[in-house]
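Proteins get letters first, then strands, A, B, ... in listed order; numbering begins at 1 in each. These figures come from a predicted structure and were not determined experimentally.
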Amino acid sequence: MQRLTSSLKYVSKFYKLDQLRPLIIQICSASTDLNFHKSVPPKDAGETKEMNLVQSLSHTMDIAMERDPSMIVFGEDVAFGGVFRCTLGLRDKYGKDRVFNTPLSEQGIIAFGIGVAAGGSTAMAEIQFADYIFPGFDQIVNEASKFRYRSGGQFDCGKLVVRAPYGAVGHGAHYHSQSPEAYFAHTAGLKVVIPRGPLQAKGLLLSSFADDNPVFFFEPKRLYRAATDMIPIGDWRIPLGEAEVVRQGRDVTLVAWGRQLHTMLDAADMARDQLDVECEVIDLQTILPWDTETIFKSVRSTGRLIISHEAPLTGGFAGEIASTVQEACFLSLEAPIQRVCGWDTPFPHIQEPVYMPDRLRCFEAIKKVIADS
Amino acid sequence: MSRFLVNHLSAMSRLCRVTVLRPLLTPSTTQVRFQTTDIKHRDRLIQKELGIARYVGMKTVYSADIETCTVVPNHTPLPVYQVLDNEGCVHDTDQLSLSNQEVLDIYKQMVTLTLMDKLLYDAQRHGRISFYMACTGEEAIHFGSSAGLSHEDMVYAQYREAGVLMYRGFSPEECMNQCTGNVLDLGKARQMPVHYGSRKLNYQHISSPLGTQIPQAPGTAYAFKLQGANKCVCVFFGDGSASEGDCHAAMNFATTLQCPVLFFCRNNGYAISTPATEQYAGDGIAMRAIGYGMEAVRVDGNDLFAVYNAVKHYRERAVTENAPFLIEAMTYRVGHHSTSDDWKAYRYENEVHELGLNSCPVKRVKLFLIKQGLWTSEEDEDFIQQTRSTLIQTLEKAERQPKPGLDSLFTDVYDKIPSNLIDQRNEITNHIRKYPNEYPKHYQ
Ligand SMILES: Cc1ncc(C[n+]2csc(CCOP(=O)(O)OP(=O)(O)O)c2C)c(N)n1
Ligand SMILES: [Mg+2]
């Protein structure tokens with residue numbers, strides 16, 4: 001939407017402007033609009049600077065490269081800054097041996113990264129879109145994840161971090177919209193991390209570089225330029241494997257990650273304003289291995305749980321959370337656990353507004369768990 | 001045999017001497033043939049021959065001279081086959097194999113495609129469609145190749161080949177129905193703009209993940225072969241996509257399983273911002289054919305006649321010999337990769353002029369037609385004016401068409417809609433009823 005609006009400024013060279021009546025395409029819908037909820041860094045985090053998600057990511061890679069001379073950054077089109085401009089400036093600063101374009105092969109990119117890590121250097125591999133990571137799936141599922149285990153701990157590729165943009169943007173259709181985290185969460189040995197904004201991106205990405213396991217870092221591309229946070233400019237980290245209670249509440253626990261966290265916060269606002277229901281909103285942050293304790297603790301106090309993600313319902317990570325929680329917290333539950341997810345269809349184009357687990361669908365789920373109990 | 005075909009075949013035999021690559025080793029003979037017939041090298045080999053060397057699937061000779069057993073990369077790149085130059089002159093009129101009328105018809109389609117590209121590109125800039133990719137600079141590839149194929153041949157395209165589909169009868173209106181995602185879009189408004197496809201026109205639907213179509217093509221070709229269908233498959237892909245593992249699988253399968261398939265690489269020098277110099281270190285894509293035991297040709301992709309001659313020739317051979325062939329068409333991506341990037345961020349203006357704009361494939365055909373007295377500048381102006389206004393009306397008409405309703409979200413996931421999707425459809429239908437003002441109007 002933002003891109004579409006700003007593109008209106010473009011002046012046609014060929015067709016006269018009056019021949020083309022400006023029109024914002026119909027596929028945008030109010031209920032799926034992004035409403036970004038800013039984060040505030042802790043008071044002891046030191047000096048801060050305002051950054052959007054793209055800037056926060058390049059800033060984080062910059063300080064990691066400065067600190068670790070063995071770190072290299074590569075992928076399709078990363079040399080000129082990447083199609084989303086996340087690696088902008090790194091090539092100028094660190095040179096073409098450390099920041100470079102690869103040939104167009106995701107299988108090659110992931111495998112090369114595993115090899116770099118196994119060779120003792122730090123590999124930051126960029127996959128242009130999460131939808132295009134699958135040519136590298138064998139290298140991820142059968143290689144990266146089992147490198148340590150299969151060699152009795154002799155070898156590992158823990159110095160590998162793979163970044164990829166994921167999620168809906170309003171017009172991405174099948175192949176520029178998917179949220180593939182559940183495929184990776186099904187593979188022991190990987191870590192899967194998703195930040196919900198510029199601040200978390202900094203803290204979690206720095207921890208991912210420091211972590212000695214292969215980390216898959218999925219970035220909500222809808223947020224790249226949509227909003228800013230104040231970012232601590234020093235070595236500021238968020239530990240992997242810990243969920244964050246973003247908002248406290250006594251009635252219903254809402255769990256999400258990435259961009260969907262903001263939708264959950266919208267739904268929580270609606271519930272507070274319209275139903276006088278207080279939701280506790282939790283950002284899972286690390287999908288694998290995930291922080292069960294924080295969720296259990298919350299559900300034990302609220303008795304109600306709703307999990308939401310853009311990925312399809314069936315086989316989605318919400319199912320894993322729901323079953324784990326009902327095993328551990330059965331006696332505390334006052335209503336069936338709800339999942340608000342994408343439908344079990346490919347990600348559509350024109351139909352995106354009715355595919356998305358938007359704030360209204362999340363709000364309806366809140367009404368349901370309240371009514372059921 | 002038509003005069004065109006005769007001319008054409010003689011043209012091809014001349015062409016073969018220059019730019020056609022044949023595999024190095026013919027396993028059935030003991031003679032070793034070198035790519036550059038280096039006489040001294042061969043003599044030395046014969047002197048040093050130590051006897052026959054036999055391996056599974058290979059019969060060759062031993063040699064005590066390591067040099068005779070060594071292959072080195074080509075230092076002189078394979079030449080580029082050209083019929084029509086930048087000024088619209090034909091090097092050798094014997095090689096002209098399209099009729100005047102055919103050339104004129106194609107020229108009009110080329111212009112229409114160029115105008116449609118400009119219109120839809122601008123339409124995206126005005127927020128009227130969500131995305132677009134122009135093919136500017138690659139029009140000769142589209143029309144030359146499609147004219148050289150039979151309409152029955154199956155096409156697997158990448159995305160920047162709208163002209164191939166247009167030549168087969170897909171109208172600008174159908175393109176615009178797809179790009180605006182209205183109810184008339186054959187793909188039911190499910191994919192991003194430019195993801196066309198038509199069962200009727202034997203053109204597989206475009207899929208964004210790169211390279212995936214390349215190994216599917218030999219599969220279809222193999223099925224055609226067993227069915228005795230007498231048709232081939234033509235698969236298009238970019239210089240970038242040629243780096244995907246799929247491309248290796250495709251060529252290896254096609255040669256080992258003898259599939260009647262044409263691998264058509266549009267080498268336009270870029271994959272988004274990545275120049276060909278960072279995509280591969282060898283001599284382009286054509287040279288790879290040798291490694292798979294396949295014949296290849298490199299043609300001027302901005303030359304309608306060269307592309308046509310090559311495709312026509314190899315199409316016949318693919319069908320009669322049940323063999324795959326590789327065509328590498330050299331061209332230049334004149335525009336941005338898509339509406340999502342700006343080429344100024346990664347290449348210089350003078351390069352775009354030198355390698356792209358100065359070698360416009362459409363202009364070449366226009367100059368040719370004018371020289372032949374088949375077309376005038378005035379006719380050209382009129383045609384452009386007229387086509388442009390028709391296209392604008394067509395776009396407005398496509399925009400006025402309604403968008404598809406909810407059903408198109410849940411159908412075609414499977415052949416029959418399963419119960420979970422029926423439940424989900426009911427759920428969203430009821431939900432929209434509760435919030436009628438929150439969703440686009442066409443859902444009510
Ligand atoms: C598997 C996969 N990886 C990455 C992309 C993103 N992408 C879209 S087009 C493109 C460049 C393709 O270049 P090329 O094959 O040369 O075709 P051209 O655009 O030049 O016609 C890239 C990297 C994709 N669509 N699919
Ligand atoms: Mg290309």
Without hydrogens or angle criteria, can the side chains of A:Gln351 and B:Tyr443 be said to hold a donor-acceptor pair below 3.5 Å?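 Their side chains do contain a donor-acceptor pair, which is all the 3.5 Å distance test asks for.
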Just checking, any donor-acceptor pair under 3.5 angstrom between side chains of B:Tyr435 and A:Asp358?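 Absent: no donor and acceptor within the cut-off.
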Flag the one option from B:Ser241, B:Ser408, B:Cys247 with the top tally of heavy-atom pairs under 4.5 Å to chain A. B:Ser408
Within the distance-only criterion (no hydrogens, no angle test), does the side chain of A:Asn101 pair as donor or acceptor with the backbone N or O of B:Thr274 below 3.5 angstrom?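 Not at all, since once roles are kept as given, no pair shorter than 3.5 Å links the two residues.
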Counting only heavy atoms closer than 4.5 Å, note whether [X] contacts chain A via side chain, backbone, both or neither.
X	result
B:Lys434	side chain
B:Asp341	neither
B:Pro418	neither
B:Thr180	backbone
B:Leu409	both

For the side chain to side chain donor-acceptor pair (under 3.5 Å) test, which of A:His171, A:Glu352, A:His349 pairs with B:Ser130?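 One option only clears the test, and that one is A:His349.
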When rounded to the nearest 0.5 Å, the distance separating OH of A:Tyr132 from CD of B:Glu244 is 10.5 Å
From the list B:Ile272, B:Asp239, B:Leu210, side chain to side chain contact (heavy atoms under 4.5 Å, CB included) with A:Leu104 holds only for B:Leu210
